[in-house]
Amino acid sequence: EVQLVESGGGLVQPGGSLRLSCAASGFTFSNSAMSWVRQAPGKGLEWVSAISGGGSATNYADSVKGRFAISRDISQNTLYLQIISLRAEDTAIYYCAKGGVNYVYVSEFWGQGTLVTVSA
Amino acid sequence: EIVLTQSPDFQSVIPKEKVTITCRASQSIGSSLHWYQQKPDQSPKLLIKYASQSFSGVPSRFSGSGSGTDFTLTINSLEAEDAATYYCHQSSSFPLTFGGGTKVEIK
């Protein structure tokens, strides 16, 4: 059974930083494309970032480019999202999602999400 | 950036009725269009991938069609448990994008 468990969210001041984690199990993490998608309170889904199965390719939404960094640790079966220079508009539930093999980015399974609140 | 425009934004439907949700892409995306269901306080669930392929475990009343720029999600014989917001999503090119969502309410 595919399981994705996010952690690392919380209350952060504007300008602060955070690292989100997503522990993966139940599938071959090492060759699966992975994504981060966020949802602001009461709003729709917004794709944030994706990493290819081998980790060689990363992509970002324009709204987070230069502030967010996606990475993965194959040995720990964990996906990360490093966030710096947080803004109020980054407040959202952050979901990690499993794609297909290598460069297949359709998000087939999602975690339960972790809430990031940016406020003074 | 490929913009996905869903319609309608909201639909109130009686059980057993048929529901049709459309998603229009601002440029051709082939069949790289996927549909998700999100119930309140839950994470999204994949229903249909690549326009018309049903995902594992999804009830057969959900179906998808279309290619290029125009896509449709159909729910045949709506059930009470189908009350949710439905999103389309394209993986044709980066940045990946989602439609604005269609909220389906049960009358």
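Chain A is the first sequence line, chain B the second, and so forth, proteins listed ahead of strands; every chain is numbered from 1.
At a heavy-atom separation below 4.5 angstrom, chain B is approached by A/V37, A/Q39, A/K43, A/G44, A/L45, A/E46, A/W47, A/A50 within residues 35-54 of chain A. Of residues 41-64 of chain B, those residues lying under 4.5 Å from chain A by any heavy-atom pair are B/Q42, B/S43, B/P44, B/L46, B/K49, B/Y50, B/F55.
In the hydrophobic cluster analysis, where Ile, Leu, Val, Met, Phe, Trp and Tyr join through side-chain heavy atoms closer than 4.5 angstrom, A/V64 is grouped together with A/L79. A/L11 is not connected to A/L86 by any chain of hydrophobic side-chain contacts under 4.5 Å among Ile, Leu, Val, Met, Phe, Trp and Tyr, and they are in different clusters. Linking Ile, Leu, Val, Met, Phe, Trp and Tyr whenever their side-chain heavy atoms come within less than 4.5 Å puts A/V106 and A/V2 in one cluster. Hydrophobic cluster membership is shared by B/F98 and B/L96, with clusters built from Ile, Leu, Val, Met, Phe, Trp and Tyr side chains linked at under 4.5 angstrom. Taking hydrophobic clusters as Ile, Leu, Val, Met, Phe, Trp and Tyr residues chained together by side-chain heavy-atom distances below 4.5 Å, B/W35 does not share a cluster with B/V3.
The OH atom of A/Y95 sits 4.5 Å away from atom CD of B/Q38, with the distance rounded to the nearest 0.5 Å. Here B/F94 contributes atom CZ and A/Y105 contributes atom OH; the two are 4.5 Å apart, rounded to the nearest 0.5 Å.
Interface check for chain B: of the options A/S107, A/A97, A/G111, A/A61, the most heavy-atom pairs under 4.5 Å are formed by A/S107.
Around CZ of A/R67, the count of heavy atoms belonging to other residues, nucleotides or ligands within 6.0 Å exceeds 12.
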